[in-house]
Amino acid sequence: MSEKFKLLSNGRLLALPATLAVLDPATEQVIAEVPDCTAELLDATVRAAQAAFAGWSTTPLPDRAARLQALAHRIGDHADELAALLTREQGKPLAMARAEVLGCVHWCRSFAAMALPVAERTDAAGIRWVTQRVPLGVVAAIAPWNFPLSLAVWKLAPALLAGNTVIVKPSPFTPLATLRLGELAADLFPPGVLNVLSGGDDLGPMLTAHPGIAKVAFTGSTATGRRVMASAAPTLKHLTLELGGNDAAIVMPDVDVAKVARRLFMGAFLNSGQVCIAAKRIFVHDSIYAAFAAAFVAAAKAAPMGPGHQEGVLLGPVQNRPQYERVKDLIAATRDAGHRFLTGGEVPEGPGYFIPPTVVDNPPDDARVVVEEPFGPIVPLLRFSDVDEVVRRANDSEFGLGGSVWSADVGQARAIAVRLQAGTVWINNVHLLDPQSPFAGRKQSGIGAENGIEGLLEFTAIQTLVG
């Protein structure tokens with residue numbers, strides 16, 4: 001029998017007559033029923049959040065920070081429970097789910113330690129000018145299904161600290177841990193300050209177009225981000241959009257091949273490739289290509305795949321049926337185009353959305369597997385021979401989220417990194433993120449920033465007091 005969850009609206013935990021089924025992607029079995037928020041309840045929640053804004057926005061910042069610290073403590077106390085929910089709904093290995101939960105604790109505590117800047121001066125006429133940051137109003141925080149809990153916290157923590165009220169909307173594929181977070185937080189904030197609403201595909205557009213929403217913070221695909229931007233335009237909502245990526249990794253000939261191949265295997269296939277900053281195009285110098293490909297394929301073949309709760313599993317399933325079918329279609333198109341698979345390329349029968357890690361051998365740059373963001377366990381290895389050539393090819397993408405450069409010569413790696421058109425470029429590493437440092441995309445990978453003081457300021461407006 002599936003579990004039933006409640007949403008959080010205006011301080012109340014509510015069950016609704018209409019529900020959505022949530023599946024375990026490892027078994028395709030229904031594991032829970034969650035409320036399907038109606039337009040009427042959304043309107044009521046927005047009104048409650050607007051009403052709560054007056055009190056919350058004038059609450060002293062240290063008191064708001066203390067509430068965030070309390071939330072961090074509450075999440076930490078329930079880390080095992082939340083991690084188990086994440087694994088069941090998302091499919092990722094339990095150790096990775098626990099790391100995501102503990103990351104939420106760290107993010108809440110880090111934002112709670114931040115302060116909003118104030119600039120003050122007195123001009124020659126004796127007039128005092130004070131520029132401060134003020135909250136916007138009601139924030140819609142829309143999180144995706146690949147890291148549902150952490151990417152919700154990336155939004156709600158700075159939004160709440162800045163004095164906004166928040167409505168969190170998780171993906172209908174992965175609402176469970178976020179709804180449970182709402183239950184755990186219900187008594188930590190005044191009614192209406194933090195709300196968590198689950199619903200189907202129509203809830204997101206209703207939320208982003210709602211005239212009572214002052215800002216939308218969204219993580220998801222570039223295609224959906226464009227629709228979010230269009231729906232926000234009539235009311236000129238503030239926006240932060242963290243969108244798709246097609247990150248290039250550049251491997252220079254002086255690396256420790258075996259070590260870098262193992263690191264980049266996880267850089268590409270962590271969470272079964274369902275990571276916006278996964279290494280999705282791996283450029284390897286000609287002189288080491290064969291050795292690197294052999295080591296990379298060996299890592300792929302040695303990676304245990306299965307349900308995330310099983311001991312030792314490294315790769316879980318693709319999270320949902322639509323994404324599973326998209327990845328299968330990309331594999332089929334790659335095969336039909338005549339490109340060679342170094343490993344993988346076959347999808348097993350049976351329950352669960354499992355796709356073994358698939359590695360494609362040096363396809364042309366205009367191949368779908370190179371141009372598109374697969375968001376699944378498939379990656380091309382690409383040969384290069386010249387730095388200028390590989391920089392040009394790496395930048396030849398509509399995306400500009402992240403990238404990495406691998407070399408024993410750190411100076412050379414940095415010189416290459418600054419030429420890449422990406423918001424974050426790692427040197428001899430990948431996937432490192434920190435709440436103190438901004439994370440932002442270029443080109444079609446997003447607008448605005450998350451994390452750092454820059455991410456905090458995204459949830460504020462500028463106000464200058466004169467006199």
Side-chain angles (χ1 to χ4, degrees), residues 7-14 37 39-71 108 111-112 114-118 130-143 152-170 178 181-182 184-197 199 203-204 206-218 228 231-232 234-240 448 450 453 455-465:
L7 52 74
L8 175 63
S9 172
N10 195 22
R12 298 175 299 155
L13 295 170
L14 303 175
C37 182
E40 293 75 19
L41 181 57
L42 174 60
D43 287 342
T45 305
V46 172
R47 288 194 299 271
Q50 289 175 314
F53 175 72
W56 183 248
S57 61
T58 56
T59 298
L61 189 141
D63 293 343
R64 299 197 299 257
R67 303 273 185 154
L68 269 187
Q69 292 281 16
L71 178 61
C108 286
F111 274 109
M114 294 184 188
L116 293 167
V118 177
V130 178
T131 301
Q132 60 186 5
R133 293 285 183 153
V134 296
L136 298 167
V138 183
V139 170
I142 302 177
V153 167
W154 279 27
K155 297 162 180 57
L156 69 87
L160 291 171
L161 182 72
N164 303 282
T165 55
V166 180
I167 299 173
V168 178
K169 190 203 84 69
T178 311
L181 175 67
L184 295 172
D187 65 340
L188 298 179
F189 298 91
V193 169
L194 177 61
N195 310 272
V196 182
L197 302 182
L203 179 58
M206 287 193 297
L207 190 56
T208 58
H210 200 289
I213 299 296
K215 177 185 173 69
V216 177
F218 169 83
V228 170
S231 70
T235 50
L236 293 179
K237 291 177 173 59
H238 292 246
L239 286 175
T240 300
E450 294 193 291
I453 189 65
L456 175 61
L457 297 183
E458 292 275 342
F459 293 94
T460 67
I462 295 171
Q463 183 183 59
T464 298
L465 306 176

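Being a predicted model, the structure only gives us computed values, none of them experimental.
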The complete set of salt bridge (charged side-chain N to carboxylate O under 4.0 Å, His left out) pairs with one or both residues in residues 185-197, sequence neighbours excluded, reads Arg74-Asp187
Smallest separation among heavy atoms of Leu41 and Ser9, with atom names: CD1-OG, 3.9 Å
Tightest non-hydrogen contact, residues Leu71 and Ala185, listed as CD1-CB, 3.8 Å
Does any pair with a residue in residues 47-58 pass salt bridge (charged side-chain N to carboxylate O under 4.0 Å, His left out), and if so which ones, sequence neighbours excluded? none
Nearest heavy-atom contact between Ala52 and Gly192 is CB-C, 3.7 Å
Applying side-chain hydrogen bond (donor to acceptor under 3.5 Å, both in side chains) to Gln50 and not counting sequence neighbours gives none
Closest approach of Met206 and Leu42, non-hydrogen atoms and distance? CB-CD2, 3.7 Å
Going by atom type alone, with no hydrogens or angles, which donor-acceptor pairs under 3.5 Å involve a side-chain atom of residues 163-170 and a protein atom two or more places apart or on another chain?
unit_1, atom_1, unit_2, atom_2, d
Asn164, OD1, Leu136, N, 2.7
Asn164, OD1, Gly137, N, 3.1
Asn164, ND2, Ala159, O, 3.0
Asn164, ND2, Phe459, O, 2.9
Thr165, OG1, Ala49, O, 3.0

Can you tell which of Val228, Leu203, Thr235 makes a side chain to side chain contact (heavy atoms under 4.5 Å, CB included) with Thr208? Val228
Under the ring pair (Phe, Tyr, Trp, His ring centres under 6.0 Å) rule, collect the residues that match up with Phe189, sequence neighbours excluded. Trp56
Not counting sequence neighbours, which residues clear side chain to side chain contact (heavy atoms under 4.5 Å, CB included) with Glu458? List them please. Lys215, Thr240, Ala449
Under the side-chain hydrogen bond (donor to acceptor under 3.5 Å, both in side chains) test, residues paired with Thr464 that sit two or more places apart: Thr131
Roughly how far, to the nearest 0.5 Å, is the CE atom of Met114 from the CD1 atom of Ile453? 6.5 Å
If I compare all heavy atoms of Arg67 with all of Pro190, which pair ends up nearest, and what's the gap? NH1-CD, 3.8 Å
Tell me every residue that passes side-chain hydrogen bond (donor to acceptor under 3.5 Å, both in side chains) with His210, counting only those two or more places apart in sequence or in another chain. Asp43
Excluding sequence neighbours, so at least two apart, what forms side chain to side chain contact (heavy atoms under 4.5 Å, CB included) with Thr460? Leu116, Arg133, Ala162, Leu457
As an exercise, state the distance from NE2 of His238 to CD1 of Ile213, rounded to the nearest 0.5 Å. 13.0 Å
Residues at least two apart in sequence or cross-chain that pass side-chain hydrogen bond (donor to acceptor under 3.5 Å, both in side chains) with Thr59, listed by chain then number, are none
Between Asn10 (side chain only) and Thr45 (backbone N and O only), is there a donor and an acceptor less than 3.5 Å apart? no
Report yes if the side chains of Leu207 and Leu197 come closer than 4.5 Å at any heavy-atom pair, otherwise no. no
What residues, two or more places apart in sequence or in another chain, satisfy side chain to side chain contact (heavy atoms under 4.5 Å, CB included) together with Ala209? Ser231
In chain order, what residues pass the side chain to side chain contact (heavy atoms under 4.5 Å, CB included) check against Gln69, with sequence neighbours excluded? Arg109, Ala112
